[in-house]
Amino acid sequence: MTTLEIDTDHGLARAELHCAKDGVAVLMLGHGAGGGIGAKDLVVVARAAKDAGVHVALVEQPYRVAGRRAPAPANQLDSAWLTVADELSARFDDLPLVFGGRSSGARVACRTASAGQAVAVLCLAFPEHPPGRPEKTRQPELDAVEVPALVIQGERDPFGRPSPGPHHEVLLIPGDHNLSADLDAVSRAAAEWLERVLRPHL
């Protein structure tokens, strides 16, 4: 495991690299608004991706690296994420990039997929709306993704349930927003999907 520190316009970001033996792509995973890269679903997906031959970068946003709990505004999150993506693309000789993350990190991945030239997007617990506020939908962020995307969502997630679309599928598994009720299902789904979407790029 290698840790990179990357200067962005909004402070220092950090990427924890877990490299596969013969990696065919790079999966970037971002954390939720109030959590870090140690979230159980991020850990099992990182392990599954590495086992499937994909390099993994667990990305800490600058506000987390600086020790702040409150998340930065969306435009700052997106900007820092794209700076990290550029650094990783150069480091890994322009291997295909898959953007991903849990909750807030999933939203960042969706919003930046086009600008960052991601070949696919993996969303863990996409926060469709704030709890009890279905009118505040984030569905347009997901619908705007034009590359293959997978949403792994807990059946009882208080943040809602995204709708599937032409480019994205939604897989419901037991549990709520933290996805820890069936981590095997999360791991298996992520590994199978990565193998499927990366096949055209091999």
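From a predicted model like this one, the values you see are computed outputs, not experimental measurements. Counting from 1, the numbers follow the sequence of the chain as shown.
Between Glu195 and Arg199 there is a side-chain heavy-atom pair separated by less than 4.5 Å. Considering only heavy atoms from C-beta on, Cys123 comes within 4.5 Å of Cys110 through its side chain. Taking 4.5 Å as the limit, every side-chain heavy atom of Val98 sits out of range of all side-chain heavy atoms of Val121. Leu29 is listed as a side-chain neighbour of Val45, based on a closest heavy-atom distance under 4.5 Å. Using a 4.5 Å heavy-atom threshold, the side chains of Val44 and Lys40 count as separate. Between Gln61 and Leu77, some side-chain heavy-atom pair lies under the 4.5 Å cut-off.
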List the steps and the verdict of side chain to side chain contact (heavy atoms under 4.5 Å, CB included) for Glu146 and Ser114. CA-CA 8 Å; Glu146 296 181 345; Ser114 178; 5.7 Å; no

Please test Met28 against Leu58 for side chain to side chain contact (heavy atoms under 4.5 Å, CB included), starting from the C-alpha separation and ending with a verdict. CA-CA 6 Å; Met28 292 176 58; Leu58 291 165; over 6 Å; no

Derivation of the side chain to side chain contact (heavy atoms under 4.5 Å, CB included) call for Val119 and Val147: CA-CA 6 Å; Val119 300; Val147 292; 5.7 Å; no

Can Thr83 and Asp7 be said to form a side chain to side chain contact (heavy atoms under 4.5 Å, CB included), step by step? CA-CA 8 Å; Thr83 300; Asp7 277 318; over 6 Å; no

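In this structure, Val43 is not a member of the same hydrophobic cluster as Ile37, with clusters built from ILVMFWY side-chain heavy atoms closer than 4.5 Å. Residue Leu150 is grouped with residue Val186 when hydrophobic side chains (ILVMFWY) are merged at heavy-atom distances under 4.5 angstrom, including chains of intermediate members. Each of Leu12 and Leu17 belongs to its own hydrophobic cluster when Ile, Leu, Val, Met, Phe, Trp and Tyr are linked at side-chain heavy-atom distances under 4.5 angstrom. By the rule that hydrophobic residues join a cluster once side-chain heavy atoms approach within less than 4.5 Å of another member, Val26 and Leu124 end up as members of separate clusters. Using a 4.5 Å cut-off between side-chain heavy atoms of Ile, Leu, Val, Met, Phe, Trp and Tyr, with links allowed through other members, Val84 and Leu122 fall into different hydrophobic clusters.
Hydrophobic cluster membership of Leu172, counting Ile, Leu, Val, Met, Phe, Trp and Tyr whose side-chain heavy atoms lie under 4.5 Å apart directly or via other members: Phe126, Leu142, Val151, Val170.
Note that the CH2 atom of Trp81 and the CG atom of Asp86 stand 12.5 Å from one another [nearest 0.5 Å]. One finds the CG atom of Leu95 at 10.0 Å from the CG atom of Leu198 (value rounded to the nearest 0.5 Å). Here OG1 of Thr2 is found 9.0 Å from NE2 of His18. Values are rounded to the nearest 0.5 Å. Note that CZ of Phe99 and CG of Leu27 are 10.5 Å apart. Values are rounded to the nearest 0.5 Å. Here CG of Asp9 is found 9.5 Å from CD of Gln76. Values are rounded to the nearest 0.5 Å. Summarising the geometry, atom CZ belonging to Arg47 is positioned 9.5 Å from atom CG belonging to Leu183; distances are rounded to the nearest 0.5 Å.
Taking 4.0 Å as the cut-off between side-chain N and carboxylate O, Arg14 and Glu16 do not count as a salt-bridged pair.
Nearest approach of Ile173 to Asp182, heavy atoms of both residues: CD1-O, 4.2 Å. A pairwise comparison of heavy atoms in Val56 and Ala46 identifies CG2-O, 3.5 Å as the closest pair. In this structure, Ala190 and Ile152 approach most closely via the heavy-atom pair N-CD1, 4.2 Å. Among all heavy-atom pairs drawn from His129 and Arg138, the shortest one is C-NH1, 3.9 Å. Closest of all the heavy-atom pairs between Leu97 and Gly116 is CD1-O, 4.3 Å. Ala125 approaches Leu179 most closely through the heavy-atom pair N-CD1, 3.7 Å.
Around the CD atom of Glu155, the shell of radius 6.0 Å holds more than 12 heavy atoms that belong to other residues, nucleotides or ligands. Summarising the local packing, CD of Gln117 is surrounded by 12 or fewer heavy atoms from other residues, nucleotides or ligands at distances under 6.0 Å.
A side-chain donor-acceptor contact under 3.5 Å links Thr112 to the backbone of Val108. Within the 3.5 Å criterion, the main-chain N or O of His177 finds a donor-acceptor partner in the side chain of Arg102. Looking only at distances, no side-chain donor or acceptor of Glu169 sits under 3.5 Å from a matching main-chain atom of Pro148.
Counting only residues at least two apart or in different chains, ring pair (Phe, Tyr, Trp, His ring centres under 6.0 Å) contacts with residues 29-55 comprise His31-Tyr63, His55-Phe92.
Side chain to side chain, Glu128 and Thr137 meet the donor-acceptor criterion of an N or O pair below 3.5 Å.
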